[in-house]
Amino acid sequence: SNQEPTPAQIAAKARFAKVVAAVRAILADPTEKAKLQAEYKSQTKIGSLFGYAMHKLNADYDAEGNKIGE
């Protein structure tokens, strides 16, 4: 089926894109990336640095994809 996405699906996709952009910004900054790598290495649940960053930053965004507290 080739139906239009629901408003909730569109919002979820936009939110995901914002989290991905935030993760990429952190990974592009050597200082931030080093901090993240240290945290990542101290856990065993998540198998990739990118996945760990996505997991960590996910809670920082509300359902609309706005950064919480800004």
Side-chain angles (χ1 to χ4, degrees):
S1 71
N2 202 1
Q3 63 193 51
E4 290 295 308
T6 66
Q9 288 171 321
I10 293 167
K13 188 174 179 183
R15 180 184 185 281
F16 182 79
K18 287 183 181 179
V19 178
V20 168
V23 167
R24 287 191 175 139
I26 287 172
L27 296 179
D29 179 318
T31 307
E32 290 298 313
K33 184 177 179 180
K35 277 194 263 181
L36 190 69
Q37 279 177 318
E39 290 176 29
Y40 167 68
K41 287 176 182 168
S42 71
Q43 60 85 45
T44 55
K45 233 166 97 176
I46 298 172
S48 74
L49 182 62
F50 189 85
Y52 178 74
M54 285 295 293
H55 173 76
K56 182 178 162 65
L57 271 91
N58 197 38
D60 293 345
Y61 291 82
D62 65 16
E64 282 76 49
N66 300 308
K67 190 154 189 196
I68 295 165
E70 281 188 1

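Source: prediction; values computed, not measured.
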| query | Could you walk me through whether Phe50 and Leu27 pass the side-chain contact (heavy atoms from CB on, under 4.5 Å) check? | reply | CA-CA 8 Å; Phe50 189 85; Leu27 296 179; 3.7 Å; yes
Closest contact, heavy atoms only, [X] versus [Y]:
| X | Y | value |
| --- | --- | --- |
| Leu36 | Lys56 | CD1-CD, 3.7 Å |
| Ile46 | Gly51 | CG2-C, 3.5 Å |
| Ala22 | Leu57 | CB-CD2, 3.5 Å |

| query | Under a single-linkage definition using a 4.5 Å side-chain heavy-atom cutoff for Ile, Leu, Val, Met, Phe, Trp and Tyr, are Ile10 and Phe16 assigned to the same hydrophobic cluster? | reply |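 No; Phe16 is not reachable from Ile10 via cluster members.
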| task | Answer yes or no: is there a donor N or O on one side and an acceptor on the other, between the side chain of Gln9 and the main chain of Thr6, under 3.5 Å? | result | yes
| said: For Asn58, is there any backbone N or O sitting under 3.5 Å from a side-chain donor or acceptor partner on Arg15? | reply: yes
| request: Hey, could you give me the NZ/NE2 distance between Lys45 and His55, rounded to the nearest 0.5 Å? | output: 5.0 Å
| Taking atom CG of Leu49 and atom NZ of Lys41, what is their separation to the nearest 0.5 Å? | 9.0 Å
| field | Exceeds 12 heavy-atom contacts within 6.0 angstrom, atom CD of Gln43 | value | yes
| Would Tyr52 and Glu39 count as a side chain to side chain donor-acceptor pair (under 3.5 Å) if you check the C-alpha gap in whole Å, the side-chain angles of each, and the deciding distance to 0.1 Å? | CA-CA 9 Å; Tyr52 178 74; Glu39 290 176 29; 3.2 Å; yes
